[in-house]
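Working notes for the structure below.
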Protein chains: 2
Amino acid sequence: MNERSDYINMLESNAVDPTPLREAVLMSIGEDSRPLAAAEIMAAVRSRMSINKVTLYRILDLLVGKGLVKRLSAGDRAYRYGMAKTRHHQAHPHFVCSRCGVMECLEPGLFCIDIRKFQTNSKRIIKYVDVRFEGICESCIKAQK
Amino acid sequence: MNERSDYINMLESNAVDPTPLREAVLMSIGEDSRPLAAAEIMAAVRSRMSINKVTLYRILDLLVGKGLVKRLSAGDRAYRYGMAKTRHHQAHPHFVCSRCGVMECLEPGLFCIDIRKFQTNSKRIIKYVDVRFEGICESCIKAQK
DNA sequence: CAATACTTGCAACTAAGTTGCATATAGGGC
DNA sequence: GCCCTATATGCAACTTAGTTGCAAGTATTG
Ligand SMILES: [Zn+2]
Ligand SMILES: [Zn+2]
Ligand SMILES: [Zn+2]
Ligand SMILES: [Zn+2]
């Protein structure tokens with residue numbers, strides 16, 4: 001998908017010192033089509049170099065804080081991390097498999113939120129909306145046959 | 001909202017032996033307008049009687065399994081529990097305050113999901129859709145003024 | 001009443017993430 | 001280069017939310 005230098009560039013243009021571990025973490029997230037759990041990112045990084053789990057969590061916090069990465073809720077107790085700035089820059093809903101826990105990105109424009117209706121009769125401040133489809137993923141359907 | 005006997009009835013009509021603890025747990029969930037975290041339910045029950053946390057989690061599992069209670073994801077690492085069978089029986093989106101973590105129920109019909117569009121170009125099986133609004137709740141807005 | 005099933009409690013465990021503090025590494029000033 | 005400081009990483013211990021195993025209490029039934 002991207003070159004190593006692209007990730008270094010993303011880090012630098014967000015005022016993040018591009019250390020090898022940060023680069024590896026961002027690349028692991030960026031090279032996967034799905035948002036990944038911390039444990040999956042750890043495994044991906046560890047296939048190439050050594051990293052401590054605290055360092056990983058701190059890098060994830062940093063990347064989320066800088067807006068490079070999005071922290072997503074999968075409905076279970078582990079967060080998923082995905083690239084924040086996609087080609088189209090559009091928010092999109094996600095799918096989570098309730099059997100294997102994998103999260104997948106869905107096309108944007110799958111749903112419409114009548115945010116005006118909501119805003120008029122509410123004293124809350126809405127920052128964003130999270131739409132999550134839950135069910136069985138393709139590979140789990142195949143596996144059970 | 002409801003009488004004690006109503007909760008006993010709900011338990012019995014779902015083939016659940018209405019022990020005092022189960023009744024207290026279901027009542028704590030039913031008497032609050034918001035879905036509650038396990039710790040909040042524990043506090044509510046403990047204001048009237050003694051309960052062990054394992055027992056609470058097992059009762060919650062039981063009630064969720066019987067379809068009396070819904071386990072909801074708040075985007076953080078703790079589940080929320082709300083009554084499954086409301087007066088109108090309709091699915092509805094939820095709001096979660098990113099400052100204090102409170103979850104609130106919103107009116108149904110606030111959004112529309114084009115589920116057909118989704119189903120046609122997907123080999124996944126969709127069980128349900130979860131819509132979560134995130135932002136700042138009314139009492140947190142007041143508190144900061 | 002004995003045998004059995006169901007319910008609850010206690011301790012220990014787990015998964016995912018966090019905190020405190022020590023060490024390592026990278027730049028600057030001289 | 002050497003010293004000083006800042007940033008980055010690692011390790012151990014801790015936390016939160018929930019789970020498991022097993023023992024003890026309670027109810028039910030023949
Ligand atoms: Zn799956
Ligand atoms: Zn996505
Ligand atoms: Zn709030
Ligand atoms: Zn609700």
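Residue numbers start from 1 in every chain, and the chains themselves are labelled A, B, ... in the order their sequence lines are given, proteins ahead of strands.
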Is the phosphate of dT19(D), meaning OP1 or OP2, less than 4.0 Å from a side-chain N or O of Tyr57(B)?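 False: Tyr57(B) side-chain N/O out of range (4.0 Å or more) of dT19(D) OP1/OP2.
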
Can you check the Met42(A) CE to dT18(C) P distance for me, whole Å?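 Rounded to the whole Å, the gap is 13 Å.
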
Quickly work out the Leu60(A) CG to dG17(C) C1' distance and round it to whole Å.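 The answer, rounded to whole Å, is 11 Å.
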
Taking only residues two or more places apart in sequence, or in another chain, which ones meet Asp76(A) in a salt bridge (charged side-chain N to carboxylate O under 4.0 Å, His left out)?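 Arg80(A).
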
Asn52(B) side chain to Val54(B) main-chain N or O, any donor-acceptor pair under 3.5 Å?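 Confirmed, Asn52(B) side chain pairs with Val54(B) backbone.
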
Filter on side-chain hydrogen bond (donor to acceptor under 3.5 Å, both in side chains), then keep only pairs touching residues 42-51 of chain B, sequence neighbours left out; what's left?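 For residues 42-51 of chain B, and leaving out neighbouring residues, the side-chain hydrogen bond (donor to acceptor under 3.5 Å, both in side chains) pairs sorted by first residue read Ser28(B)-Arg48(B).
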
Any pair counted as side-chain hydrogen bond (donor to acceptor under 3.5 Å, both in side chains), so long as it reaches residues 62-71 of chain A, sequence neighbours left out: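 Only Asp61(A)-Arg71(A), Arg71(A)-Tyr81(A) qualify under side-chain hydrogen bond (donor to acceptor under 3.5 Å, both in side chains).
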
Report yes if some heavy atom in the side chain of Cys105(A) is under 4.5 Å from a heavy atom in the side chain of Pro35(A); otherwise report no.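 In contact.
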
I would like to know whether Met83(A) and Leu26(A) meet side chain to side chain contact (heavy atoms under 4.5 Å, CB included); could you show each step before the answer? CA-CA 8 Å; Met83(A) 293 303 284; Leu26(A) 187 60; 3.8 Å; yes

How bent is the helix from dC1(C)-dG30(D) to dC30(C)-dG1(D), measuring the angle between the end axes built from five pairs each, rounded to 10°?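 About 10°, once rounded to a multiple of 10°.
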
Please list all pairs meeting salt bridge (charged side-chain N to carboxylate O under 4.0 Å, His left out) that have one or both residues in [range], counting only residues at least two apart or in different chains.
range                       : result
residues 131-143 of chain B : Asp130(A)-Arg132(B), Arg132(B)-Glu134(B), Glu138(B)-Lys142(B)
residues 16-26 of chain B   : Arg4(B)-Glu23(B)
residues 31-44 of chain A   : Arg34(A)-Glu104(A)

With a cut-off of 6.0 Å (strictly less than), are more than 12 heavy atoms of other residues, nucleotides or ligands near CD of Gln144(A)?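 More than 12 within 6.0 Å, yes.
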
Among residues 63-79 of chain B, which residues get a heavy atom nearer than 4.0 Å to DNA chain D?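 Heavy-atom contacts with DNA chain D come from Arg77(B), Ala78(B), Tyr79(B).
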
Go through residues 23-41 of chain B and report each residue with a non-hydrogen atom lying under 4.0 Å from DNA chain D, sorted by number.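 Nucleic-acid contacts, sorted: Ala38(B).
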
Going through the distances and angles, do Ile136(A) and Lys127(B) end up as a side chain to side chain contact (heavy atoms under 4.5 Å, CB included)? CA-CA 8 Å; Ile136(A) 311 294; Lys127(B) 295 265 178 66; 3.7 Å; yes

Shared-cluster residues of Met103(B), by chain and number - hydrophobic side chains joined below 4.5 Å: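 Leu72(B), Val96(B), listed by chain and number.
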
Pro93(A): which residues meet the side chain to side chain contact (heavy atoms under 4.5 Å, CB included) condition with it, sequence neighbours left out?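 Pro93(A) satisfies side chain to side chain contact (heavy atoms under 4.5 Å, CB included) with Leu106(A), Leu110(A), Phe111(A), Val131(A), Phe133(A) only.
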
Could you run down nucleotides 4-12 of chain D 5' to 3' and tag each one B, S or - for protein heavy-atom contact under 4.0 Å? ----SBBBB

